[in-house]
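The structure appears below as structure tokens.
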There are 2 protein chains.
Amino acid sequence: MLSERQMMILRAVVRDFTNTGVPVGSKALAKQLPIHVSSATIRNEMAALEEQGLIKKTHSSSGRIPSVEGYRYYVDHLVKPDPLQPNDMDVIQSSLGGDFHKIDEIISQSATILSNLTSYTAFTLKPELKDARLSGFRLVPLGRRQVMAILVTDGGDVENQTFDVSEDVKGDQLEAVVRLINDQLVGLTLPEVIKKLQLDIPVQIANYLQSPTGFLDIFGDVLTRAAQERFYVGGRLNLLNFSQDSDVDSLKSLYSLIDQSDDIANVLGQPSDNISVQIGNEMTNDALRNYSLITATYDVDQHGKGMIAILGPTRMPYSRMLGIVGAFREELAKKLLDYYRFYDE
Amino acid sequence: MLSERQMMILRAVVRDFTNTGVPVGSKALAKQLPIHVSSATIRNEMAALEEQGLIKKTHSSSGRIPSVEGYRYYVDHLVKPDPLQPNDMDVIQSSLGGDFHKIDEIISQSATILSNLTSYTAFTLKPELKDARLSGFRLVPLGRRQVMAILVTDGGDVENQTFDVSEDVKGDQLEAVVRLINDQLVGLTLPEVIKKLQLDIPVQIANYLQSPTGFLDIFGDVLTRAAQERFYVGGRLNLLNFSQDSDVDSLKSLYSLIDQSDDIANVLGQPSDNISVQIGNEMTNDALRNYSLITATYDVDQHGKGMIAILGPTRMPYSRMLGIVGAFREELAKKLLDYYRFYDE
DNA sequence: CTTAGCACTTGTATAGTTTGAGTGCTAAAA
DNA sequence: TTTTAGCACTCAAACTATACAAGTGCTAAG
């Protein structure tokens, strides 16, 4: 249990350290704090805080820096999100102000805005109606030997891919395949489709085509791409700003983590209604040991919920970041509601 | 003009330095060279080479490193491409061996292979029939409010984009737009299309739609994307391996150069039938000052020519790299000929 | 409970020293 | 004329010593 004064000190330590990156000592705090006590008193309190594992020294006679637990306590009990800078609000509104013709453009743009505002790396996921179902599949012949496969879900997601077919594949064969898929698979959730695709379909499709594997591969490709959570990343390179000292290998593994769409959903964690902060080794993933992740859901009513997140150093200025993330998710939700309102009715 | 012995020394300096990264001195050379001369003799010869600007010292009493001109001379006159390691050949053949349904998959895969073989960053461009012409445009309605725009060129490139339309846009309106575009624009080269799109079309399209801008934007988008040279990058992160010391800013500008498709064509330069090497500041672009670029065309007969390239440090082992690039372009051309043969006839 | 005072620790910065690899030059040998 | 041994010289890098500043814990007095 912390006294008022200890909280004040912990708050100041976190503030100072996240701003300057330098361990903070008792003297500096004594000057800075609103109450009037000597540095010796502060030293005593700091010893108590260290006792509880909230702050620590970098070496035996250094100032203190927050431990992961200290950050945790700060984030849970002490921090107050900064109100957004008017300037930042302008940036958001003008960047989101344009005319968009795709949800994905808005979401992808959001990742960029968020990374610019924070100068960290940002992630955005679009609102996901869970259990999206397959609502349509087409094969569109494009020329002598090209066909485009298009898959649509009832959530409005579209996935497509062009591929080459040898010319002896007849148009009516293609149609037969499309009819088969639409008859058998439309209305199912994507995982169900994937399952059926491996069991029932190959047998049936063999009736129409001599070498069916090609088509199934294609359809499978498009399908799995549609099934996996898509996310956008903004400010990838910002990682370089604050990882300078850390070695190349850990940077590389971090980048491959970011580019690997499978893992990212796990990393971001379950959507919750609150803004959540994961600090350093609280995350299971080793590559994130020295980073913090702020995630937040945004809510677009019946169109589902999406997520935004920023990834920065453990010593990020949490109050400012929480302010930005909080404000941004509101703006994004508004924008999306507008967008849906326009195209829906 | 260089004597035989000077050439031998220059070659050895480049070899040694590209392998070890350490300036090479007279003593080490004396031991290593096939002829039997003292280090003093080597020193004299090195002084002569330095006189001609082919090698230089890092400080007044250091060993020598090649200058850009020295690399140039080495690459132009002294280097002999290493034959490919059998192991490397296996990698190429197995990686390209699979079944592909898209040219782009082969080209993109190639960038990955090439970056793995070299452990540098690799670029690949697909074979380009110059002056590709617009051969078709479609608008495919996908659901209540989504439409996909598809553009096809006679080179077989497909570009597409999904967008939302408000529901009061009628199907026959879409058809009218498509007909208009196909009547007026098919057969023209893409730059011509872009020009016409800005002049004639807006007037005509106004007859069919109240708010035509949306559609033209979409078409324009898809069009410009199709018009610009597409290229693939492999091993982006490898830049981190050999740029460790260099500062974050230059790394960032290099990455943004790589991701900016407009510039890359200029950087790679004109296709020539030979393998070409650009060294350090021979390249106009500032961000590439400390790098070297090896580019090569590959030839797929009537299907045009493409390019591959690798970007590495100025002190790359040129002989090995030239061997890899040379062998790879052959294999790639073969693979593509196979591919076209299968789908063409 | 607070604080002044003090001894102690440690990282950083600066300056001086040593070492080793390398150079250019000179004069003798080939 | 070319090659080579020898030597004085240069410079980066590694190490040592010293001083300094910021900070700590502890003690004893207020």
Side-chain angles (χ1 to χ4, degrees), chain A residues 1-10 12-67 70 244-245 315, chain B residues 1-10 12-67 70 244-245 315:
Chain A
M1 201 49 210
L2 299 189
S3 70
E4 276 301 318
R5 196 166 65 186
Q6 286 172 336
M7 290 188 192
M8 180 185 294
I9 290 174
L10 177 56
V13 169
V14 175
R15 281 260 177 84
D16 246 45
F17 181 67
T18 52
N19 284 331
T20 67
V22 178
V24 338
S26 55
K27 227 170 178 174
L29 282 182
K31 243 182 261 168
Q32 189 190 105
L33 286 182
I35 55 174
H36 196 77
V37 287
S38 77
S39 64
T41 307
I42 308 249
R43 277 203 288 287
N44 289 334
E45 295 287 36
M46 285 173 107
L49 287 170
E50 182 162 17
E51 189 74 14
Q52 304 195 43
L54 297 174
I55 58 181
K56 62 187 177 186
K57 293 184 272 194
T58 59
H59 60 84
S60 77
S61 74
S62 76
R64 305 303 212 294
I65 66 174
S67 68
Q244 287 156 329
D245 46 345
R315 48 155 289 227
Chain B
M1 200 50 207
L2 299 188
S3 70
E4 276 301 320
R5 195 166 65 186
Q6 287 171 337
M7 290 188 193
M8 180 185 292
I9 290 174
L10 177 57
V13 169
V14 174
R15 279 262 179 82
D16 247 45
F17 182 67
T18 51
N19 284 331
T20 66
V22 178
V24 337
S26 54
K27 227 168 175 176
L29 282 182
K31 243 183 261 167
Q32 189 189 105
L33 286 182
I35 56 175
H36 196 75
V37 287
S38 77
S39 65
T41 308
I42 308 253
R43 276 203 289 287
N44 290 334
E45 295 285 38
M46 285 173 107
L49 286 171
E50 183 163 16
E51 187 75 14
Q52 304 194 44
L54 298 174
I55 58 181
K56 62 187 178 187
K57 294 183 273 194
T58 59
H59 61 86
S60 77
S61 74
S62 77
R64 305 303 212 293
I65 65 174
S67 67
Q244 287 156 328
D245 47 345
R315 49 157 287 231

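A note on names: the letters A, B, ... follow the listed sequences, proteins ahead of strands, and every chain is numbered from 1.
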Send over the distance from [X] [atom1] to [N] [atom2], rounded to a whole Å.
{"X": "R43(A)", "N": "dG23(D)", "atom1": "CZ", "atom2": "P", "result": "10 Å"}
{"X": "I42(B)", "N": "dG24(C)", "atom1": "CD1", "atom2": "P", "result": "13 Å"}
{"X": "E50(A)", "N": "dT24(D)", "atom1": "CD", "atom2": "P", "result": "10 Å"}
{"X": "N44(B)", "N": "dT4(D)", "atom1": "CG", "atom2": "P", "result": "10 Å"}
{"X": "I65(A)", "N": "dG11(C)", "atom1": "CD1", "atom2": "P", "result": "14 Å"}
{"X": "H36(B)", "N": "dA5(D)", "atom1": "NE2", "atom2": "C1'", "result": "13 Å"}

Take atom NE2 in H36(B); do more than 12 heavy atoms of anything else shown fall under 6.0 Å from it? no
What does the list of N/O pairs under 3.5 Å between the protein and nucleotides 28-30 of chain C look like, with a distance for each?
none

Protein-nucleotides 13-16 of chain D N/O pairs closer than 3.5 Å?
none

Enumerate the salt bridge (Lys or Arg N to Asp or Glu O under 4.0 Å) contacts for residues 51-63 of chain A, please, sequence neighbours excluded, ordered by first and then second residue. none
Salt bridge (Lys or Arg N to Asp or Glu O under 4.0 Å) partners of residues 27-44 of chain A, not counting sequence neighbours, each pair once: none
For a quick test of reading the model, state the closest non-hydrogen atom pair linking S39(A) to S26(A) and the distance between them. O-CB, 3.6 Å
Where A30(B) and S38(B) come nearest, the two heavy atoms and their spacing: CB-C, 4.3 Å
Applying side chain to side chain contact (heavy atoms under 4.5 Å, CB included) between V13(A) and each of T18(A), I55(A), L49(A), I65(A), report the one that passes. I55(A)
Checking side chain to side chain contact (heavy atoms under 4.5 Å, CB included) between I9(A) and each of I42(A), V14(A), T41(A), which is the one that passes? I42(A)
What's the verdict on side chain to side chain contact (heavy atoms under 4.5 Å, CB included) for S3(A) and E45(A), showing C-alpha distance, side-chain angles and the deciding distance? CA-CA 10 Å; S3(A) 70; E45(A) 295 287 36; 4.3 Å; yes
Pull out every residue in residues 51-63 of chain A that has a heavy atom closer than 4.0 Å to any atom of DNA chain D, ordered by number, or say none. K57(A), S61(A), S62(A), G63(A)
Scan residues 14-32 of chain A against DNA chain D and write down, sorted by residue number, each residue with any heavy atom closer than 4.0 Å; if none is found, say none. G25(A), S26(A)
Just wondering, do [Y] and [X] contact through their side chains at under 4.5 Å, heavy atoms?
{"X": "D16(B)", "Y": "Q32(B)", "answer": "yes"}
{"X": "M46(A)", "Y": "L29(A)", "answer": "yes"}
{"X": "R5(A)", "Y": "V37(A)", "answer": "yes"}
{"X": "N19(A)", "Y": "R315(A)", "answer": "no"}
{"X": "R64(B)", "Y": "V24(B)", "answer": "no"}

Compare side-chain N and O positions of R64(B) against OP1 and OP2 of dG24(C) and report whether any pair is under 4.0 Å apart. yes
Kindly say if R5(A) contacts the phosphate of dT2(C), meaning a side-chain N or O under 4.0 Å from OP1 or OP2. yes
